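Reading through the structure tokens given below for one structure.
Fair warning: this is a prediction, and the values are worked out from it, not measured in the lab.
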Amino acid sequence: NNINFSTLNYIESLSKTEIMRRVETVSCSKPQSINSIENMRTILDKNGIVVIPEVFNFDKIKEIRRQISRIIQDVKIKDPLGTGYENDDYIVLGKKKIGKSYYDLSNYSKSAILVRQGSDQGMIEIFNADRLLGDLGNSMNNFFNSDWLISLLNDKKEKISPKNLNLYVNQSITKTRGFHVDSHYKSIKVFIYLTDVNVVQDGPYCFVKGTHVDTPLRKLNDMVGEKETPLTDPLNIVPVLGKKGTLIISDQSGVHRGLPQATGSSREALVMRYA
């Protein structure tokens, strides 16, 4: 915790100019040809992350946010104490339990709405959010199954495809989990910002370049235990600032975290898991 706190102070001391310089080192335009896909794959293989600015349709973002806001408001009315609630479309986890793992929630027959406890207290995660959005949900799934994305993410050794689409809603989440990995093997997630993330206080996704491969720091972090990875090279930390519609491809075996927000800040993001 002390190490993560010191690193967070370092990140907050960075100028916006320096942060954007770091983001640019892993950024590229939406690919228009085989050559540009190969260029993007090179960036991903080297760094473990690729950022494509403002690639998603703004009108669809507006409609997604409108519909999700309506659902969250409905949950607050019907389950004000957070004890749990279920209807034909979704289940809200309170005292209700669905298994013990991420995969139990992602494989449930309905969308599952979880208000996280512990280090990310208050963050709302909606599993299989596309199921709540009708035709718009189908459109989102088609986007994440785009030829260029599938071509980029697949290689000769393994084939992966979209599995489940979640939504993160962070509003004034002032404490977040420290640097960590989701797995010790290649694990791809693709994020789309639904809100502008202009400053560190908005709580951007943050990735440490090059940590998806074996390094001395990775071995030291393994000694810490579990999947916590507080030991990082500060020069390779990339807090991903970006406008709504910005797409982030991330290998979750690399070191990452969401940064804490200032009170009053909001960040919403779609997250597709590929496997």
Next item on the list: Mind checking the CD1-CD1 spacing from Ile249 to Ile192? Nearest 0.5 Å is all I need.
Entry: 10.0 Å
Next item on the list: Output the distance between atom SG (Cys206) and atom CG (Leu241), rounded to the nearest 0.5 Å.
Entry: 9.5 Å
Margin query: Would you say that Pro260 contacts Thr176 through its side chain, given a criterion of any heavy-atom pair below 4.5 Å between the two side chains?
Written below: yes
Checklist line | Nonpolar side-chain network containing Met223, other nodes, edges under 4.5 Å | finding: Ile3, Leu217, Leu220, Leu231
Item checked: Derivation and outcome, side chain to side chain contact (heavy atoms under 4.5 Å, CB included), residues Ile248 and Lys189 -> CA-CA 8 Å; Ile248 304 164; Lys189 286 184 178 178; over 6 Å; no
Next item on the list: Quick one: closest heavy-atom pair of Ala129 and Leu133, and the distance?
Entry: O-CG, 3.6 Å
Note to self: Please say yes or no: joined through hydrophobic side-chain contacts below 4.5 Å, possibly via intermediate residues, are Ile91 and Leu165 part of one cluster?
What the structure shows: no
Note to self: Please check: side-chain N/O of Gln201 versus main-chain N/O of Gln261, any donor-acceptor pairing under 3.5 Å?
What the structure shows: no
Note to self: Show the nearest heavy-atom pair for residues Ser187 and Asp251, with the distance to one decimal.
What the structure shows: N-OD1, 3.2 Å
Note to self: Contact between Arg22 and Leu235 at the side-chain level, heavy atoms closer than 4.5 Å - yes or no?
What the structure shows: yes
Note to self: Nearest 0.5 angstrom please: Arg273 CZ to Asn166 CG, how far?
What the structure shows: 8.5 Å
Next item on the list: Tell me, please, which residues at least two apart from Phe191 pass ring-ring contact (aromatic ring centres under 6.0 Å, His included).
Entry: Tyr205
Notebook entry, point to check: Regarding Asn35 and Ser33, is there a side-chain donor-to-acceptor distance under 3.5 Å anywhere?
Noted result: no
Note to self: Quick check: do Leu247 and Glu54 have side-chain heavy atoms less than 4.5 Å from each other?
What the structure shows: no
Next item on the list: Taking atom types as modelled, find out whether Ser139 and Lys60 have a side-chain donor-acceptor pair closer than 3.5 angstrom.
Entry: yes
Next item on the list: Evaluate the side chain to side chain contact (heavy atoms under 4.5 Å, CB included) criterion for residues Ile49 and Val240: first the C-alpha distance (whole Å), next the side-chain angles of each, then the deciding distance (0.1 Å), finally the verdict.
Entry: CA-CA 10 Å; Ile49 184 173; Val240 184; 4.0 Å; yes
Notebook entry, point to check: Does NZ or CZ of Lys244 fall inside the cone over Phe56's six-membered ring, less than 6.0 Å from its centre and within 45° of the axis?
Noted result: no
Check: Who passes salt bridge (charged side-chain N to carboxylate O under 4.0 Å, His left out) against Lys76, sequence neighbours left out?
Finding: none
Next item on the list: Please assess Thr195 against Arg65 for the test side chain to side chain contact (heavy atoms under 4.5 Å, CB included), listing each intermediate value before the final yes or no.
Entry: CA-CA 9 Å; Thr195 53; Arg65 295 193 65 209; 3.5 Å; yes
Check: Can you check salt bridge (Lys or Arg N to Asp or Glu O under 4.0 Å) on Lys78 and Asp74, steps first, answer last?
Finding: CA-CA 6 Å; Lys78 294 177 178 175; Asp74 186 56; 3.2 Å; yes
Margin query: Tell me the closest heavy-atom pair linking His184 and Arg218, and the distance in Å.
Written below: O-NH2, 3.9 Å
Margin query: Within this structure, what is the CG-CD1 distance for the pair Leu167 and Ile124, rounded to the nearest 0.5 Å?
Written below: 9.0 Å
Check: Taking Asp202 for the side chain and Val199 for the main chain, is one N or O donor matched with an acceptor at less than 3.5 Å?
Finding: yes
Check: Hey, what do you get for NZ (Lys30) to CD1 (Ile37), rounding to the nearest 0.5 Å?
Finding: 10.5 Å
Checklist line | Asp214/Lys219 ion pair, N-O < 4.0 Å | finding: yes
Margin query: Can a side-chain donor-acceptor contact be found between Asn9 and Ser6 if the only test is distance below 3.5 angstrom?
Written below: no
Note to self: Checking side-chain hydrogen bond (donor to acceptor under 3.5 Å, both in side chains) between Lys209 and each of Thr232, Asn236, Thr25, which is the one that passes?
What the structure shows: Thr25
Next item on the list: Indicate yes or no: at least one non-hydrogen side-chain atom of Asn141 is less than 4.5 angstrom from one of Met272.
Entry: yes
Margin query: For a quick test of reading the model, state the closest non-hydrogen atom pair linking Asp182 to Lys227 and the distance between them.
Written below: O-NZ, 2.8 Å
Item checked: CD1-CD distance between Ile72 and Gln67, expressed to the nearest 0.5 angstrom -> 12.5 Å
Item checked: Backbone N/O of Gly264 and side chain of Ser172: donor-acceptor pair under 3.5 Å -> yes
Check: Is it true that the NZ or CZ of Arg116 lies under 6.0 Å from the centre of Tyr168's six-membered ring and within 45 degrees of the ring axis?
Finding: yes
Item checked: Side chain Arg257, main chain Arg177, donor-acceptor under 3.5 Å -> yes
Next item on the list: Supply the members, apart from Val224, of the Ile/Leu/Val/Met/Phe/Trp/Tyr cluster built from side-chain contacts under 4.5 Å; use none for a lone residue.
Entry: none
Notebook entry, point to check: Do Val50 and Cys28 have side-chain heavy atoms sitting under 4.5 Å apart?
Noted result: yes
Next item on the list: Locate the shortest heavy-atom distance separating Ile64 from Met140; write the atom from each residue and the value.
Entry: CD1-SD, 3.6 Å
Notebook entry, point to check: According to a 4.5 Å side-chain heavy-atom criterion applied to Ile, Leu, Val, Met, Phe, Trp and Tyr, with indirect links allowed, do Val213 and Ile188 form part of one hydrophobic cluster?
Noted result: no
Note to self: Can you tell whether the side chains of Arg21 and Glu18 come within less than 4.0 Å, N to carboxylate O?
What the structure shows: yes
Checklist line | From CA spacing to verdict: side chain to side chain contact (heavy atoms under 4.5 Å, CB included), Asn170, Arg267 | finding: CA-CA 5 Å; Asn170 290 46; Arg267 188 201 76 180; 3.9 Å; yes
Next item on the list: Assess whether atom CD of Gln117 is packed by more than 12 heavy atoms of other residues, nucleotides or ligands within 6.0 Å.
Entry: yes
Distance-only criterion, 3.5 Å: show the donor-acceptor pairs between side-chain atoms of residues 143-153 and protein atoms not counting sequence neighbours.
from: Ser146; atom 1: OG; to: Phe143; atom 2: O; distance (Å): 2.5

Notebook entry, point to check: Judged by atom type as modelled, is there a donor-acceptor pair below 3.5 Å linking the side chain of Asp79 to the main-chain atoms of Val75?
Noted result: no
Note to self: Quick one: does any side-chain atom of Asn154 pair with a main-chain N or O of Ile160 as donor and acceptor, under 3.5 Å?
What the structure shows: yes
Next item on the list: For residues Asp45 and Ile43, determine if any side-chain heavy atom of one lies less than 4.5 Å from a side-chain heavy atom of the other.
Entry: no
Next item on the list: State, yes or no, whether a side-chain contact exists between Tyr103 and Lys163 at a heavy-atom distance under 4.5 Å.
Entry: no
Notebook entry, point to check: Is Lys186 atom NZ crowded by more than 12 heavy atoms from other residues, nucleotides or ligands, each under 6.0 Å away?
Noted result: yes
Note to self: Quick check: is Leu14 connected to Phe207 through a chain of hydrophobic side chains (ILVMFWY, heavy atoms under 4.5 Å apart)?
What the structure shows: yes
Note to self: Within the 4.5 Å heavy-atom criterion, are Thr229 and Thr211 side-chain neighbours or not?
What the structure shows: no
Notebook entry, point to check: Mind checking what makes ring-ring contact (aromatic ring centres under 6.0 Å, His included) contact with Tyr102, not counting sequence neighbours?
Noted result: Phe127
Check: In terms of heavy-atom contacts, does CG of Asn2 have more than 12 from other residues, nucleotides or ligands at under 6.0 Å?
Finding: no
Checklist line | Greater than 12 external heavy atoms within 6.0 Å of Asn142's CG | finding: yes
Check: Of the non-hydrogen atoms in Gln252 and Ser250, which two are nearest, and what is the gap between them?
Finding: OE1-OG, 2.6 Å
Note to self: Between Ile61 and Ile71, is there shared hydrophobic-cluster membership here, with clusters defined by ILVMFWY side-chain heavy atoms closer than 4.5 Å?
What the structure shows: yes
Check: Transitively linked via ILVMFWY side-chain contacts under 4.5 Å: Val92 with Leu114?
Finding: no
